[in-house]
Protein chains: 2
Amino acid sequence: MADRDWRCEDPEQQLVWASATSEALRVLEGKWKIVIIIQLFAAKSPLRFSELERRIEGVNQKMLIQQLRQLEKDGIVTRMVYPQVPPKVEYTLTEMGIALGPSVEALIDWAFMRREALGSQSETGTDKSG
Amino acid sequence: MADRDWRCEDPEQQLVWASATSEALRVLEGKWKIVIIIQLFAAKSPLRFSELERRIEGVNQKMLIQQLRQLEKDGIVTRMVYPQVPPKVEYTLTEMGIALGPSVEALIDWAFMRREALGSQSETGTDKSG
DNA sequence: CCGCATCCTAAGAGATACTG
DNA sequence: CAGTATCTCTTAGGATGCGG
């Protein structure tokens, strides 16, 4: 697997990895995608649209739908529609979405390490002097 | 660490993780950042600006500088200027950058799994019928 | 060799109102 | 409940030319 020798010095291999990873990362880009994924992991069960909306503070319908659609298109989540009144739609992680586990885990870990490292520094981004 | 119980069911904890990870991910966003980071990992030694430019196909100076500056601001890379003629500038990973190793590794791994899973599907993005 | 300034286009993000 | 449509603002991305 790639995790054995990804630091090897073969320049061509670097290019392959870099471009593949760059593409993969684009799947996670978007202000709410990682949040959605973490919520789905945490739930361990399908989540309705309104459930996601409730759990994710600050998101609006358009953004949530847009991000969900992109995740669906990229094969990360599955959208299940129950043809009933009132409508019911549930979202789950696909196998490929579940396979993101280690990445998400590593990212969470790094995020917290970073937060601790930044420590007392302002996180409000008020430093615009630079 | 977070990797022990990040799937716990505490809703508040989810929000904390999700937002922290979302912020962390923003550090990696940008078309060339992960590419730069992988190149720096692979090099195992400082890289000059021109070296990076040479190794990263398709990037132009403005983008490379822009992304490097953001990575520097976010504490991922260090910029070392040698006051000489002609100018020489070298970039290295900071400790926080090196700490990204597991995340990058997991991402590379997932990227390749995904590529295999997609298999024979077109990767050129020519399918615009949807 | 390294980097900045300018100008431009495309995409991301969000508020609001409307539909089945 | 779930989703669409429209409009607006900001940011990312990129081509080109100039300067220390």
Visitor: Where the side chain of A:Glu90 meets the backbone of A:Arg48, is there a donor-acceptor pair that is under 3.5 Å apart?
Guide: no
Visitor: Is it true that A:Glu51 and A:Arg54 have a side-chain N and a carboxylate O under 4.0 angstrom from each other?
Guide: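 So A:Glu51 pairs with A:Arg54 through a salt bridge.
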Visitor: Taking atom P of D:dC1 as reference, at what distance in whole Å does atom CD of A:Glu53 sit?
Guide: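 After rounding, the reported distance stands at 9 Å.
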Visitor: So A:Val104 and B:Trp17, do their side chains get closer than 4.5 Å, heavy atoms only?
Guide: no
Visitor: Let's see if you get this right: which residues in residues 37-50 of chain A place a heavy atom under 4.0 Å from DNA chain C?
Guide: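 Output list: empty, so none.
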Visitor: Quick one: does any side-chain atom of A:Gln14 pair with a main-chain N or O of B:Ile56 as donor and acceptor, under 3.5 Å?
Guide: no
Visitor: Under a 4.5 Å cut-off applied to non-hydrogen side-chain atoms, are B:Ile108 and B:Ile38 in contact?
Guide: yes
Visitor: I'd like the 5' and 3' limits of the part of DNA chain C contacted by chain A, with heavy-atom contacts below 4.0 Å.
Guide: C:dA13 to C:dG20
Visitor: Return no unless some side-chain N or O of A:Arg69 is found under 4.0 Å from OP1 or OP2 of D:dG3.
Guide: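 A:Arg69 to D:dG3 OP1/OP2: side-chain N or O found under 4.0 Å.
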Visitor: Do A:Tyr82 and A:Tyr91 share a hydrophobic cluster (ILVMFWY, side-chain heavy atoms under 4.5 Å, transitive)?
Guide: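 Each belongs to a different hydrophobic cluster.
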Visitor: Please check if the side chain of B:Thr21 supplies one atom and the backbone of B:Ala18 the other of a donor-acceptor pair under 3.5 Å.
Guide: no
Visitor: Can any side-chain N or O of A:Ser22 pair as donor or acceptor with the backbone N or O of A:Ala20 at less than 3.5 Å?
Guide: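 Absent.
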Visitor: Check nucleotides 9-14 of chain D for protein N or O atoms closer than 3.5 Å to its own N or O atoms and list the pairs.
Guide:
unit_1 : atom_1 : unit_2  : atom_2 : d
D:dG13 : OP1    : B:Lys31 : N      : 3.0
D:dG13 : OP2    : B:Gln67 : NE2    : 3.3
D:dG14 : OP1    : B:Lys31 : NZ     : 2.6
D:dG14 : OP2    : B:Trp32 : NE1    : 3.2
D:dG14 : N7     : B:Lys62 : NZ     : 2.4
D:dG14 : O6     : B:Lys62 : NZ     : 2.0

Visitor: To the nearest Å, give me how far apart CG (A:Leu52) and P (D:dG3) are.
Guide: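 After rounding, the reported distance stands at 10 Å.
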Visitor: In this structure, how many angstroms lie between the P atom of D:dC1 and the CG atom of A:Leu64, rounded?
Guide: 14 Å
Visitor: Checking the side chain of A:Ser103 only, and the main-chain atoms of B:Ala106 only, is there a donor and an acceptor separated by less than 3.5 Å?
Guide: yes
Visitor: For a quick test of reading the model, state the closest non-hydrogen atom pair linking A:Arg114 to B:Ala24 and the distance between them.
Guide: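 In terms of heavy atoms, the two residues are closest at NH1-CA, 4.5 Å.
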Visitor: Report for the helix from C:dC1-D:dG20 to C:dG20-D:dC1: angle between first-end and last-end helix axes, five pairs each, rounded to 10 degrees.
Guide: 50°
Visitor: With a cut-off of less than 4.0 Å, is there a side-chain N or O of A:Tyr91 near OP1 or OP2 of D:dG3?
Guide: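 Checking D:dG3 against A:Tyr91, a side-chain N or O does come within under 4.0 Å of OP1 or OP2.
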Visitor: For residues 68-78 of chain B, which side-chain N or O atoms pair as donor and acceptor with protein atoms under 3.5 Å away, sequence neighbours left out?
Guide:
unit_1  : atom_1 : unit_2  : atom_2 : d
B:Gln70 : OE1    : B:Lys33 : NZ     : 2.8

Visitor: Rounded to whole angstroms, how far apart are CD on B:Gln61 and C1' on D:dG19?
Guide: 12 Å
Visitor: Ignoring backbone atoms, establish whether A:Arg54 has a side-chain N or O less than 4.0 Å from OP1 or OP2 of D:dA2.
Guide: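 It does not, given that no N or O in the side chain of A:Arg54 lies less than 4.0 Å from OP1 or OP2 of D:dA2.
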Visitor: Can a salt bridge be assigned to the pair A:Glu9 and B:Lys44 using a cut-off of 4.0 Å between side-chain N and carboxylate O?
Guide: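 Yes, A:Glu9 and B:Lys44 are salt-bridged.
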Visitor: With sequence neighbours left out, write down each residue that passes side-chain contact (heavy atoms from CB on, under 4.5 Å) with B:Met113, or none if nothing qualifies.
Guide: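 Once residues adjacent in sequence are excluded, the partners of B:Met113 under the side-chain contact (heavy atoms from CB on, under 4.5 Å) criterion are A:Met96, A:Ala99, B:Trp110.
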